[in-house]
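Written below as structure tokens is the structure these notes are about.
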Amino acid sequence: MSEKNCLFCKIVAGEIPADIIYESVTTIAFRDINPQAPLHMLIIPRKHIATINDITPQDQEVVGDLYLAARDIASSEGIADEGYRIVMNCNEAAGQTVFHIHMHLLGGRALTWPPG
Ligand code: AMP
Ligand code: ZN
């Protein structure tokens with residue numbers, strides 16, 4: 001379930017501190033250490049899944065819960081109505097640096113499109 005050398009598994013296990021803002025049975029969320037917007041949170045499954053390519057049908061509920069968490073966090077952070085962006089990077093070309101899937105939730109400013 002958890003990977004020995006995975007940074008986000010260590011945050012899930014409480015071995016590395018994080019500014020945790022949301023916890024459920026399947027999911028945790030914490031503030032990004034290098035925020036790209038006034039509000040930048042990472043929403044991750046407790047289960048170690050390295051990339052989007054590694055998601056299996058058995059993970060459907062776990063992955064769906066990321067969206068429910070995003071909805072609740074956007075609401076509690078006060079950006080549900082003005083709007084926000086969810087991003088998941090997959091592998092190097094997209095800029096994935098931590099190989100435990102995570103949803104970026106960005107908000108608190110106008111976000112341009114297309115992204116870089
Ligand atoms: P990605 O580039 O999509 O893999 O995103 C990884 C994100 O994790 C980056 O936005 C980093 O700033 C963030 N990050 C790395 N280490 C930590 C940490 N210890 N606590 C919170 N966020 C982190
Ligand atoms: Zn992990």
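Note: hydrogens, waters and symmetry copies are ignored here, and every other heavy atom, side chains too, is used. Note that ligands are numbered from 1 as they come in the structure, with each ligand's atoms numbered from 1 the same way.
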Taking only heavy atoms of the protein into account, state which residues are under 4.0 angstrom from an atom of ligand 1, in chain and number order. L7, F8, F30, R31, D32, I33, N34, L42, N89, G95, Q96, T97, V98, H102, H104
Any carboxylate oxygen within less than 4.0 angstrom of a Lys/Arg side-chain nitrogen, looking at R31 and E77? yes
If the test is side-chain contact (heavy atoms from CB on, under 4.5 Å), which one of V12, I21, L42, I43 qualifies with I28? V12
D72 versus S75, side-chain donor and acceptor atoms under 3.5 Å: no
State whether a side-chain donor-acceptor pair under 3.5 Å links D65 with T27. no
Over 60° means perpendicular and under 30° means parallel, so classify the ring planes of H40 and H104, tilted if in between. tilted
Assigning hydrophobic clusters by single linkage (Ile, Leu, Val, Met, Phe, Trp, Tyr; side-chain heavy-atom cutoff under 4.5 Å), is L39 placed with Y67? yes
With the Zn ion (ligand 2) at the center, what angle do ND1 from H48 and ND1 from H100 span, rounded to 10 degrees? 110°
